[in-house]
2 protein chains.
Amino acid sequence: METNSLKRYELKAEMFKALSHPMRILMLDKLKERPWCVCELATEVGIDKSVASKHLSQLKTAGLIDDEKRGTLVEYRLVAPCVLELAACAEGSVLQNRRKRLETGG
Amino acid sequence: METNSLKRYELKAEMFKALSHPMRILMLDKLKERPWCVCELATEVGIDKSVASKHLSQLKTAGLIDDEKRGTLVEYRLVAPCVLELAACAEGSVLQNRRKRLETGG
DNA sequence: TGCAAAGTTTCCAATATTAGAAACAAGATG
DNA sequence: CATCTTGTTTCTAATATTGGAAACTTTGCA
């Protein structure tokens, strides 16, 4: 297997890594409703603004959200809502499977 | 924000974490073609069988793949192909966005 | 029984991620 | 200019992830 083959999956993997933290999914869910600035969103989800800023930065790097400066505020907005619907789809099929496994202890 | 709200996203986050490693996406891509046993797949993607086993274990825990013992072999098979199509869709929208950002240095 | 093959688990060292505090930068406003 | 607000970056310690070697289990077979 060539190194190149693995390389083909790196960007995709980074996108999934951005989605791999419950707090970041929660933030995306909030951003689905409307744009938020950092402080406001940090308060809403109950974390420090520096932590929120870093999470948002990761989501932006992954291409999931975008930002726009508005005076002293930075407004973040969802770029790819389809990703969340995909997550919902996954919840339907994959997570059912996973829950079943957890229950049966398999 | 209640702890419960964040808890709602943990299973979803774990699924995405399972997808957050390029090697695991590559392995899923192989499993999309047909079922593989551990040694065979490990050789195909060029890693140690113990590493392959651990990656497959993570994918199974996430509910993305399933396994079946066949004598001394363990055959792994894809459970939720939709997830990979999801990834492909994401490649179309999100990754384009991300590549643009990488090029412009934003 | 003895041995080989397939997988899993354990151990280790290297690396990455995370939260939060503190320092810092950039606008807004009096 | 002084200061406040917003947001990012830096620093630290705790925790998690990773690959590979080695030990181990299980199954098949002579």
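Letters A, B, ... mirror the listed sequences (proteins, then strands); counts begin at 1. Quick caveat, the model's predicted, so the values are computed rather than measured.
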Checklist outcome for this item: In whole angstroms, the gap separating C1' of dA16(C) from NZ of Lys17(B) amounts to 12 Å
Item to check | Gap between atoms CG and P, on Asp67(B) and dT8(C) respectively (whole Å) | outcome: 7 Å
Item to check | Per-nucleotide protein contact string for nucleotides 20-27 of chain C (B base, S sugar-phosphate only, - none; heavy atom under 4.0 Å) | outcome: BBB----S
Next on the checklist: Which is more 5' along DNA chain C, the nucleotide nearest Arg70(A) or the one nearest Val38(B)? Just name the residue.
Outcome noted: Val38(B)
Item to check | Atom-to-atom span, CE of Met23(B) to P of dG19(D) - whole angstrom | outcome: 7 Å
Checklist entry - Where the side chain of His55(A) is concerned, which of dT8(D), dA6(C), dA19(C) is the nearest nucleotide? => result dA19(C)
Checklist entry - Got a second to check how far Lys49(A)'s NZ is from Cys37(A)'s SG, nearest 0.5 Å? => result 11.0 Å
Next on the checklist: Test: ring pair (Phe, Tyr, Trp, His ring centres under 6.0 Å). Region: residues 23-52 of chain B. Which pairs qualify, not counting sequence neighbours?
Outcome noted: none
Checklist entry - Could you give the CG-to-C1' distance, from Leu56(B) to dT9(C), as a whole number of Å? => result 15 Å
Item to check | N/O (side chain, His21(A)) to phosphate O (OP1/OP2, dA19(C)) under 4.0 Å | outcome: yes
Checklist entry - Can you tell me how far P of dG7(D) sits from CE of Met27(A), to the nearest Å? => result 11 Å
Item to check | For atom NZ of Lys60(A) and atom P of dG7(D), their distance in whole Å | outcome: 13 Å
In residues 15-25 of chain A, what donor-acceptor pairs under 3.5 Å come from side-chain atoms, sequence neighbours left out?
unit_1	atom_1	unit_2	atom_2	d
Ser20(A)	OG	Lys17(A)	O	2.7
His21(A)	ND1	Met23(A)	N	3.0
Arg24(A)	NE	Ala18(A)	O	2.7
Arg24(A)	NH1	His55(A)	ND1	3.0
Arg24(A)	NH1	Gln58(A)	OE1	3.2
Arg24(A)	NH2	Lys17(A)	O	3.2

Next on the checklist: Just the rounded figure in Å: distance from P of dT18(D) to CD of Glu10(A).
Outcome noted: 14 Å
Next on the checklist: When you compare the side chain of Val38(A) with that of Leu56(A), does any pair of heavy atoms fall below 4.5 Å?
Outcome noted: yes
Item to check | For Leu78(B) against Lys32(B), the heavy-atom pair lying closest together | outcome: CD2-CA, 3.8 Å
Checklist outcome for this item: From the candidates dT8(D), dT6(D), dT9(C), the one with an atom nearest any side-chain atom of Cys39(A) is dT6(D)
Item to check | Separation of dT17(C) C1' from Leu59(A) CG (nearest whole Å) | outcome: 15 Å
Next on the checklist: Over all strands shown, is Glu40(A) touching base, sugar-phosphate only, or nothing at heavy-atom distances under 4.0 angstrom?
Outcome noted: nothing
Next on the checklist: I want to check one thing: is the phosphate of dT8(C), taken as OP1 and OP2, less than 4.0 Å away from some side-chain N or O of Tyr76(B)?
Outcome noted: yes
Checklist entry - Got a donor-acceptor contact below 3.5 angstrom from the Thr43(B) side chain to the Cys39(B) backbone? => result yes
Next on the checklist: Show the nearest heavy-atom pair for residues Ile65(B) and Val79(B), with the distance to one decimal.
Outcome noted: C-CG2, 3.5 Å
Checklist entry - Taking only N and O in the side chain of Gln58(B), is any of them less than 4.0 Å away from OP1 or OP2 of dT18(D)? => result yes
